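Keep in mind that what you see is a predicted model, and the values were worked out from it rather than measured. We name chains A, B, ... by the order of the sequence lines, and we start the count at 1 in each one.
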Amino acid sequence: MAIQLYNTLTRKKEPFIPLEEGKVKMYVCGPTVYNYIHIGNARPPIVFDTVRNYLTYRGYDVHYVSNFTDVDDKLIRTAKELGEEVPQIAERFIDAYFEDVTALGCKRADVHPRVTESMDIIIEFIQTLIDKGYAYESEGDVYFHTRKFDGYGKLSHQSIDELRVGARIAIGEKKQDALDFVLWKSAKEGEIKWDSPWGQGRPGWHIECSAMAKKYLGDTIDIHAGGQDLSFPHHENEIAQSEALTGKTFARYWMHNGYINIDNEKMSKSLGNFVLVHDIIKKHDPQVLRFFMLSVHYRNPINYNDELLENTRVGLERIRTSYENLKHRKQASAELTDHNEEWLQKISQHHEEFINAMDDDFNTANAISVLFELSKLANYYLMEKNTSAAVIEAFLKEFEDLFSVLGLSLEKEQEELLDEEIEQLLEQRIQARKDRNFQLADDIRDKLKEMNIILEDTAQGTRWKRG
RNA sequence: GGCGGCAUAGCCAAGUGGUAAGGCAUGGGUCUGCAAAACCCUGAUCACCGGUUCAAAUCCGGUUGCCGCCUCCA
């Protein structure tokens, strides 16, 4: 059965069938780089990186493009405030973005186009819209003539007249109609600007995605994704521009992730209630944040606070411990054949359940519950006196495969070697236990604990880990 | 005013017609020299009212509460 995917356009789950067999063209709206990203901004990269991983895992050749908005009003304002130039600010926060999302386990897109490097195609795009009668120039600005495009409102399911009633749409004097939106903005005194047939200025916000998606992925793409708040007006406008230009369907499937809330309210830069990824990952394992995001279905809101993150940490720890325990037992395992089939069968059942969960609109919450169940199964197996290397191996591989689909790491970032002092204490303690000098053994254990080394005595010997 | 989402155990969270996955926390137990890890046991009739159905958390209608988009925003 095909992967089912919820399409905002139709408001239904649909079987995912890409335009070209085996290939997926995917565009994810990227950040405006005028600040560090907050954890709400981090949701699309994480969610859609996971979608990409999964599609790849299922055999698709995925072409993934995600842009940077590196010039706009907010960047200009920030530059002015800081007394810097726009490109400087953009550069800095693009670097910071990569640093943050990489820590969160997101791989690079195939292309990360930037507005400032796409001026030629943007201008050409706008010019063609003018030529076709879908856009008009007005005192150095260019506007899209919204009413000329028939399908306007099909993504947000609003009729054009209802939108018009919306009290908050301002009528600019330069616009012919309140619903028209800007494609090109003329530069004010001292602002960063580019030459164009309509004078010096810069692109409006929506046009960049249309132009860049077309350039890197073609007229029709399979999946277009972003945060829920982009569906109107941003994505609606993209559809209008692109389809007016090409006469073809712009994107076949639209995916929108839900928000991150703080105290039940949307996290946003303008509300000021945001938590920066940059700060969070200083205090918490970034993998925990990713696990946290994926433990909720991507279309549902997530409420964020430290306590929830801590609970998540403990849960992730459980799976990792299970994985560590398997690795630890590997050497002590024999080439058994008894019951192997039975266990291998159970493992593959879990594998199927994971696939089923992900096939159902990327239900990572259910997929993760399968990981917990696999973990329980593994722990149960480890209770056996004699374990089979083949079964252990199968468990390990399963964990590794499924974790990598979710973009999660099974290893904690750490921590290689012990220093000599600790090494010695460990050996002393092993001897003490042999001598049944438990008082000394316990003292050493306490001492190591103070040094953040936690010991576990198992049937296969003593192990340590950092706390 | 238009469009949409949500309401499931102490907390987080799946499930969308056949009598409620999973995680965290709590309490009890097993294992262990003692711990740790692990395992077992422990909890909800799904906001409220009405309807459809042999059967509803799940469909329909209504009520209440919360949130979002319609304005820069992931």
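- One interatomic measurement links the two molecules: CG of Leu294(A) to C1' of G22(B), which rounds to 15 Å at whole-angstrom precision.
- Residue Asn366(A) has its side chain nearest to A21(B) when only A37(B), A21(B), C24(B) are considered.
- By the salt bridge (Lys or Arg N to Asp or Glu O under 4.0 Å) test, Lys447(A) is found to be paired with no residue, residues two or more places apart in sequence or in another chain being considered.
- Among A74(B), A14(B), C69(B), the nucleotide with an atom closest to any side-chain atom of Lys269(A) is A74(B).
- A13(B) and G18(B): their P atoms are spaced 24 Å apart (whole Å).
- Interface remark: the Arg43(A) side chain does not form any donor-acceptor pair with the A74(B) base, using a distance-only criterion of under 3.5 Å.
- Nucleotides of RNA chain B nearest to Ile368(A) and Arg11(A) differ in position, and the one nearer the 5' end is that of Arg11(A).
- Atom name P, nucleotides A9(B) and U64(B): the rounded distance is 22 Å, in whole Å.
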Between side-chain atoms of residues 368-376 of chain A and protein atoms elsewhere (two or more places apart, or another chain), which donor-acceptor pairs fall under 3.5 Å?
residue, atom, partner, partner atom, Å
Ser369(A), OG, Asn366(A), O, 2.9
Ser375(A), OG, Ser322(A), OG, 3.3

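- Taking atom CD on Glu317(A) and atom C1' on A36(B), their separation rounds to 13 Å, with Å as the unit.
- The distance from atom CD1 of Ile319(A) to atom P of G22(B) is 14 Å, rounded to the nearest whole Å.
- Remark: the Arg318(A) side chain and the C24(B) base include no donor-acceptor N/O pair separated by less than 3.5 Å.
- For U52(B) and U58(B), the C1' atoms lie 14 Å apart once the distance is rounded to whole Å.
- A donor atom on one side chain and an acceptor atom on the other are not found under 3.5 Å apart for Asn7(A) and Arg252(A).
- For Thr32(A) and Ile302(A), each mapped to the nucleotide of RNA chain B holding its nearest heavy atom, the one lying further toward the 5' end belongs to Ile302(A).
- Here, A38(B) and U26(B) have their P atoms 14 Å apart, quoted to the whole Å.
- Taking the P atom of each, G2(B) and C24(B) are spaced 45 Å apart, rounded to whole Å.
- Using C1' as the reference atom, G22(B) and A14(B) are 7 Å apart when rounded to the nearest Å.
- Of the residues in residues 255-267 of chain A, those placing a heavy atom less than 4.0 Å from an atom of RNA chain B are Asn257(A), Gly258(A), Tyr259(A), Ile260(A), Asn264(A), Glu265(A), Lys266(A), Met267(A), in numerical order.
- For residues 24-43 of chain A, no pair satisfies salt bridge (charged side-chain N to carboxylate O under 4.0 Å, His left out), with sequence neighbours left out.
- Residue Glu456(A) places its side chain closer to A37(B) than to any other of A37(B), G15(B), C24(B).
- For Glu317(A), the salt bridge (Lys or Arg N to Asp or Glu O under 4.0 Å) test picks out Lys412(A), with sequence neighbours left out.
- When the P atom is used for both G43(B) and G27(B), the distance is 16 Å, rounded to whole Å.
- Using a 4.0 Å cut-off, no side-chain N or O of Lys465(A) falls inside it from OP1 or OP2 of A37(B).
- Applying the side chain to side chain contact (heavy atoms under 4.5 Å, CB included) rule to Val288(A) yields the partners Asp285(A), Leu309(A), Thr312(A), Arg313(A), Leu316(A); only residues at least two apart in sequence or on another chain are considered.
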Under the criterion side-chain hydrogen bond (donor to acceptor under 3.5 Å, both in side chains), I'd like the reasoning laid out for Asp359(A) against Tyr54(A): C-alpha separation, chi angles, the key distance, then a yes or no.
CA-CA 9 Å; Asp359(A) 272 3; Tyr54(A) 186 66; 2.7 Å; yes

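- Within the structure, a side-chain polar atom (N or O) of Asn363(A) is placed less than 4.0 Å from OP1 or OP2 of G15(B).
- Counting only heavy atoms from C-beta on, Leu308(A) has its side chain closest to C11(B) among G33(B), C11(B), A74(B).
- Using N1 to N3 plus N6-O4 or O6-N4 for Watson-Crick, or N1-O2 and O6-N3 for G-U wobble, each under 3.5 Å, A74(B) pairs with nothing.
- As rounded to the nearest Å, A44(B) and U53(B) have C1' atoms that lie 25 Å from one another.
- Taking only side-chain nitrogens and oxygens, Arg463(A) never comes nearer than 4.0 Å to OP1 or OP2 of A38(B).
- Using Watson-Crick or G-U wobble geometry with both donor-acceptor distances under 3.5 Å, C48(B) finds its partner in G62(B).
- At least one side-chain nitrogen or oxygen of Asn41(A) sits closer than 4.0 Å to the OP1 or OP2 atom of A74(B).
- Of the nucleotides present, G29(B) is the one that pairs with C39(B) by Watson-Crick or G-U wobble criteria, both distances under 3.5 Å.
- Which of C24(B), A14(B), C34(B) sits closest to the side chain of Ala365(A) comes down to A14(B).
- For His234(A) and U71(B), the NE2 to C1' distance is 15 Å, given to the nearest whole Å.
- Looking at Arg147(A) and Asp161(A), a side-chain N of the basic residue comes within less than 4.0 Å of a carboxylate O on the acidic one, giving a salt bridge.
- Proximity note for Asn311(A) (side chain, C-beta onward) versus C3(B), G15(B), C24(B): the nearest is C24(B).
- Using the six-membered ring where Trp is involved, His235(A) and Trp254(A) have ring planes that are tilted, between 30° and 60° apart.
- We find that the ring of Phe438(A) and the base of G33(B) stack, their centres lying under 5.5 angstrom apart and their planes tilted less than 30°.
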